[in-house]
Amino acid sequence: MSADKLSALLLSPEERTRLRACFSRDSSCQHPFAKVGWIEDVRNWIQESAPNRVIRFTGEVRQLNAGGGFELCRLGVHNGPAYWLKAVGPPNLHEFPITQQLAKSLPRYLPPVVAMREDWKAWVMEEAGHPLEEAFTLSNLKAAVAGLAEMQSESIPHAQTLGEAGCTDASVKAIEAHLPVIREYLEEAMAQQTSTKVAPLDRSRLRELEVILRNACFKMQDLGIPDTLIHNDINAGNILVSGARCLFIDWAEAQIGNPFMTLQHVCAQIARDMSDHDTWLSDIRNSYRGIWRNWLSDSQIDGAYALMPILAIVSYLYGRGAWLSSPERNLPRFHLNARSLARHIDRAARSEEFEEALCQ
């Protein structure tokens, strides 16, 4: 059936125009992955990027995400590793230049990048390893945090170029500067609470927490830990186990800041998901410490370990910071998430280890 024969009740004029564009081979279609035949375009692009060998695709295409310029799919290959295609659209366009710069500056911590296309905001990587979540063992997790520490330490001289590529400034200094607007937002979020299961934090407590957080920021800055690449969306699905080493993917939330923030995000997930997390956390921190001892003293690391639980929550809440000036800040789900994180901050501020760290 041609598009013209479809009833006007089924398609609006705009939808009809878009449908025609999907079946055309011209450039009128907004996104390259919204046209019939795009898979063959991708295969040709990959083959052109590997001129020294003939790639025999299996025909298998496993698509995990699509729409709005986004694309994530796996293309099977008979004579080598499979390929993963990823493309990004608004608001994640920054992930393309960040990935491009990481492939130049820190290539051994990413799967091999085969090709990148600026016009598609897309890149292709060879399949390498398997997600940590598929082999979630203590030994693999220790290797992951050791690899994370190595990558972060090696990123120190690249901090400026990574920032220019799109990694936002999430330094402790930047977080401290935004504490007033974060506190104001938390006051707004608490005022919108309707549930009576847990009492909202009142303005007085939120202002106390702002002062506590500012002191924690000053303490962390005094430790003299260099800013590095941090992954503000770290999880077992974004870490690939590849033999004896680990690789890291999905850099849309990449930032430049205190490296211990990312470690704390890992530790928080372990504490939440593992029943015997105390032993795991001790071993994980020791693995991370073992790498950073090449740059930091034990007293610096101990100080960071005491301060990172509360500051990592604020760092996660702040994220890339754009949401603070976006209409999305008024969405109920944003308020709900902010209230939850505020309560985590409140609990962290009452911990004995943290209070001792502030008094030292």
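Numbers here are sequence positions counted from 1. What you are looking at is a predicted structure, and each value in this text was computed from that prediction instead of being measured.
For the side-chain hydrogen bond (donor to acceptor under 3.5 Å, both in side chains) test with Glu95, the passing option among Gln100, Lys86, Lys121 is Lys86; the others fail. Under the side chain to side chain contact (heavy atoms under 4.5 Å, CB included) rule, Leu206 has a single partner from Leu186, Ile345, Asp346, which is Leu186.
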Review point. Could you walk me through whether Ser105 and Gln101 pass the side chain to side chain donor-acceptor pair (under 3.5 Å) check?
Key: CA-CA 6 Å; Ser105 301; Gln101 187 58 52; 2.7 Å; yes
Exercise for review: Apply side-chain contact (heavy atoms from CB on, under 4.5 Å) to Asn232 and Tyr318, showing your working.
Suggested key: CA-CA 10 Å; Asn232 207 34; Tyr318 177 62; over 6 Å; no
Practice item. Quick one: do Arg245 and Glu150 satisfy side-chain contact (heavy atoms from CB on, under 4.5 Å)? Show the steps, please. Key: CA-CA 11 Å; Arg245 65 194 184 106; Glu150 290 174 352; over 6 Å; no
Exercise for review: Take Ser204 and Asp202 through the test side chain to side chain donor-acceptor pair (under 3.5 Å) and record every step on the way to the result.
Suggested key: CA-CA 5 Å; Ser204 175; Asp202 59 31; 4.5 Å; no
Check your understanding: Under the ring-ring contact (aromatic ring centres under 6.0 Å, His included) criterion, do Trp120 and Phe33 qualify, and how do the steps go?
Key -> CA-CA 9 Å; Trp120 288 3; Phe33 311 109; 5.4 Å; yes
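Heavy-atom neighbours of Tyr316 OH from other residues, nucleotides or ligands within 6.0 Å: at or below the threshold of 12. Annotation for Glu60: atom CD counts as buried by contact number, over 12 foreign heavy atoms lying within 6.0 Å. Open room surrounds CD on Glu352; 12 or fewer heavy atoms of other groups in view lie less than 6.0 Å from it.
Considering only residues two or more places apart in sequence or on other chains, His344 meets the side chain to side chain donor-acceptor pair (under 3.5 Å) condition with Arg347.
Side chains of Glu164 and Gln160: a donor-acceptor N/O pair is present below 3.5 angstrom, by distance only.
A donor-acceptor pair under 3.5 Å links the side-chain atoms of Gln255 to the main chain of Gly319, judged by distance alone. Looking only at distances, no side-chain donor or acceptor of Ser282 sits under 3.5 Å from a matching main-chain atom of Asp278. At distances below 3.5 Å, at least one donor-acceptor pair connects side-chain atoms of Asn79 with backbone N or O atoms of Arg56. Proximity of a side-chain donor or acceptor of Thr262 to a complementary backbone N or O of His231 within less than 3.5 Å is detected. A donor-acceptor pair under 3.5 Å links the side-chain atoms of Gln193 to the main chain of Val198, judged by distance alone. Side chain of Ser326 to backbone of Trp323: no donor-acceptor contact under 3.5 angstrom is found.
Taking the six-membered ring where the residue is Trp, the centroids of Tyr185 and Phe334 are separated by 6.0 Å or more.
Relative orientation of the Tyr109 and Phe248 rings is tilted, given thresholds of 30° and 60° on the angle between their planes. Ring geometry for Phe57 versus Tyr83: interplanar angle of 30 to 60°, hence tilted. Relative ring orientation between Trp292 and Trp295 is described as perpendicular, the plane-to-plane angle rising above 60° on a 0-90° scale split at 30° and 60°.
Linking ILVMFWY side-chain heavy atoms closer than 4.5 Å, directly or via other members, places Ile284 and Met261 in a single hydrophobic cluster. Side-chain heavy atoms closer than 4.5 Å link hydrophobic residues (I, L, V, M, F, W, Y) into clusters, and following such links, possibly through other members, connects Ile270 to Ile234.
Asp233 CG to Trp251 CH2: the interatomic distance, rounded to the nearest 0.5 Å, is 10.5 Å. The OG1 atom of Thr194 sits 9.5 Å away from atom CG of Leu336, with the distance rounded to the nearest 0.5 Å. For the atom pair CZ (Arg214) and CG (Leu209), the distance works out to 12.0 Å, reported to the nearest 0.5 Å.
With salt bridges taken as basic N to acidic carboxylate O contacts below 4.0 Å, none links Lys173 and Glu176. A salt bridge links Glu187 and Arg207; the closest N-O separation between the charged side-chain nitrogens and carboxylate oxygens is under 4.0 Å.
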